[in-house]
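Notes follow once the structure below has been shown.
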Amino acid sequence: NTCHACSHNLDPHCKEGVFTYNSQYADGAHAQGGYAEAVRVDASYAFKIPQNIDPLHAPPLMCAGVTVFAPMLRKGVKKGDRVGVIGIGGLGHLAIQFAHGLGAEVTAYSHSPDKREQCMKLGATHFVNTSNKDEVEANRHKLDYLFITSNSKSNQYNEFISWMDFEGQIVLLAVPEGHMKFSPSEFIFSEVSITGSLIGGVNVLKKTLEFASEHNVRPIIEKYPIDQVNEALQHMDAGKARYRIVLTH
């Protein structure tokens, strides 16, 4: 906790950090992430998993889960806030559950209408089919927060601003290709802000697991044995994973 990032609970921004995959330790060894037989960490980054969380569910919660929950904590999402989640996949299906657990009124946005029923079961209050212009039009200026978990096209972000109420906040959790283009007036007249978030520090990670334990937030997973990792990757690349793949040793 001596560097600027770590002292602000922003451990992922630490200049001396070693990321889970394909990063390099000080001695030259490479981090192998979920493909490794063991992982070494500083003792302050080792902690217990709550007993009621299945070991198969813990990894997605410690990755996708903390990615969506960290900005909700930082922004102070609370009961009654109107929260939108766009992109109902590995991140989005957990974002719905965390926002619901915080007491927010959750609207799920997806171009796949067949996800409506599942979103409602996960805790969404409303579902908007983004392929339906009438549904989109009827839901403008109704959000306090919008968490973007899909790689939407960069030019769609101008549209997202119209979904927000005054002083609404759009939070990027995915990385769209290219550059986003806005005119200053879009921000001045809407009073909407756009920000981003990178995972979460160890303290936020602990809070994520505690909250998930108390509010029954669980990822929807598919299991693959480690020797079928290539098949798992092909399944994921085809967009068929629902919604997180867990490799078992």
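Numbering starts at 1 and runs along the sequence shown.
When every heavy atom of Leu172 is checked against every heavy atom of Ile194, the shortest pair comes out as CD1-CG2, 3.3 Å. Residues Arg74 and Ser197 share a closest heavy-atom pair of NH1-OG, 2.8 Å. In terms of heavy atoms, Val83 sits closest to Ala99 at CG1-CB, 4.0 Å. Nearest heavy atom pair, residue Cys6 against residue Tyr45, reads SG-OH, 4.3 Å. Closest approach of Val246 and Pro60 over heavy atoms only: CG2-CG, 3.9 Å. Contact record, Val85 with Val106: CG2-CG1, 4.4 Å, taken as the closest heavy-atom pair.
By the criterion of side-chain heavy atoms lying less than 4.5 angstrom apart, applied directly or through intervening Ile, Leu, Val, Met, Phe, Trp or Tyr residues, Val77 is grouped together with Leu205 in one hydrophobic cluster. Phe182 and Phe189 fall into different hydrophobic clusters, where Ile, Leu, Val, Met, Phe, Trp and Tyr residues are linked whenever their side-chain heavy atoms come under 4.5 Å apart, directly or through other members. In the hydrophobic clustering of ILVMFWY residues, with side-chain heavy atoms under 4.5 Å counting as a link, Val217 and Leu56 come out apart. When hydrophobic clusters are built by joining Ile, Leu, Val, Met, Phe, Trp and Tyr residues whose side-chain heavy atoms come closer than 4.5 Å, directly or via intermediates, Phe19 is not grouped with Tyr21. Following chains of ILVMFWY side-chain contacts shorter than 4.5 Å, one can reach Ile96 starting from Tyr243, so the two form part of one hydrophobic cluster.
Atom NE2 of His249 is surrounded by more than 12 heavy atoms from other residues, nucleotides or ligands within 6.0 Å. When the shell of 6.0 Å around NE2 of His111 is examined, it contains 12 or fewer heavy atoms from other residues, nucleotides or ligands. Shown here is Tyr25, whose OH atom has more than 12 heavy atoms of other residues, nucleotides or ligands within 6.0 Å. By the 6.0 Å contact criterion, NE2 on His100 is open, its count of non-hydrogen atoms from other residues, nucleotides or ligands being 12 or less.
Between the CE atom in Met236 and the CZ atom in Arg244 there is a gap of 9.0 Å [rounded to 0.5 Å]. Here OG1 of Thr248 is found 8.0 Å from CD1 of Ile226. Values are rounded to the nearest 0.5 Å. One distance of note links NZ of Lys142 with OG of Ser162; it measures 12.5 Å at 0.5 Å rounding. Considering NE2 of His126 and CE of Met120, their distance stands at 7.5 Å, rounded to 0.5 Å. Distance check: Arg218 CZ to His93 NE2 gives 11.5 Å after rounding to the nearest 0.5 Å. In this structure, OG in Ser213 is found 10.5 Å from CD1 in Ile49, a value given to the nearest 0.5 Å.
Two residues are said to be in side-chain contact when any heavy atoms from C-beta on lie closer than 4.5 Å; Val68 and Gln97 fail this criterion. A heavy-atom distance below 4.5 Å is found between the side chains of Asn129 and Arg116. Side-chain contact between Val128 and Trp163 is absent, with no heavy-atom pair separated by less than 4.5 Å. No side-chain heavy atom of Phe69 sits under 4.5 Å from any side-chain heavy atom of Leu94. In this structure, the side chains of Leu122 and Gln118 come closer than 4.5 Å at one or more pairs of heavy atoms. Between Pro71 and Phe147, some side-chain heavy-atom pair lies under the 4.5 Å cut-off. Using a 4.5 Å cut-off on side-chain heavy atoms (C-beta onward), Met72 and Leu102 make contact. Looking at Leu146 and Met164, their side chains come closer than 4.5 Å, going by heavy atoms from C-beta outward.
No donor-acceptor distance shorter than 3.5 angstrom exists from the side chain of Asp165 to the backbone of Gly168, with no hydrogens or angles considered. Between the Thr67 side chain and the Cys63 main chain, a donor and an acceptor come within less than 3.5 Å of each other. Judged purely by atom type and a 3.5 angstrom limit, Asp11 uses its side chain to pair as donor or acceptor with the backbone of Val202. A donor-acceptor contact shorter than 3.5 Å links the side chain of Ser110 to the backbone of Ser112. Counting only distance, with no hydrogens or angles, the side chain of Glu222 and the backbone of Arg242 share a donor-acceptor pair below 3.5 Å.
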How far apart are the C-alpha atoms of Phe47 and Leu209, what are their side-chain angles, what is the distance that settles it, and do they pass the side-chain contact (heavy atoms from CB on, under 4.5 Å) test?
CA-CA 11 Å; Phe47 45 87; Leu209 290 173; 3.6 Å; yes
side-chain hydrogen bond (donor to acceptor under 3.5 Å, both in side chains), that's the test. Do Asn151 and Glu177 meet it? Break it down for me.
CA-CA 8 Å; Asn151 288 324; Glu177 293 184 4; over 6 Å; no
Residues Glu117, Lys121; criterion salt bridge (charged side-chain N to carboxylate O under 4.0 Å, His left out); working and verdict:
CA-CA 6 Å; Glu117 182 178 352; Lys121 289 180 179 179; 3.4 Å; yes
Quick one: do Thr149 and Ile86 satisfy side-chain contact (heavy atoms from CB on, under 4.5 Å)? Show the steps, please.
CA-CA 6 Å; Thr149 69; Ile86 183 165; 5.8 Å; no
Can you check side-chain hydrogen bond (donor to acceptor under 3.5 Å, both in side chains) on Tyr109 and Asn139, steps first, answer last?
CA-CA 10 Å; Tyr109 293 82; Asn139 284 276; 5.1 Å; no
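A perpendicular orientation is assigned to the rings of Tyr157 and Phe160, their planes being inclined by more than 60° (bins at 30° and 60°). Between His235 and Tyr224, the two ring planes are tilted [angle within 30° to 60°].
Results of the side-chain contact (heavy atoms from CB on, under 4.5 Å) test with Arg82 over Thr107, Asp144, Thr125 single out Asp144 as the only residue that passes.
In this structure Glu16 satisfies the salt bridge (Lys or Arg N to Asp or Glu O under 4.0 Å) test with no other residue, sequence neighbours excluded.
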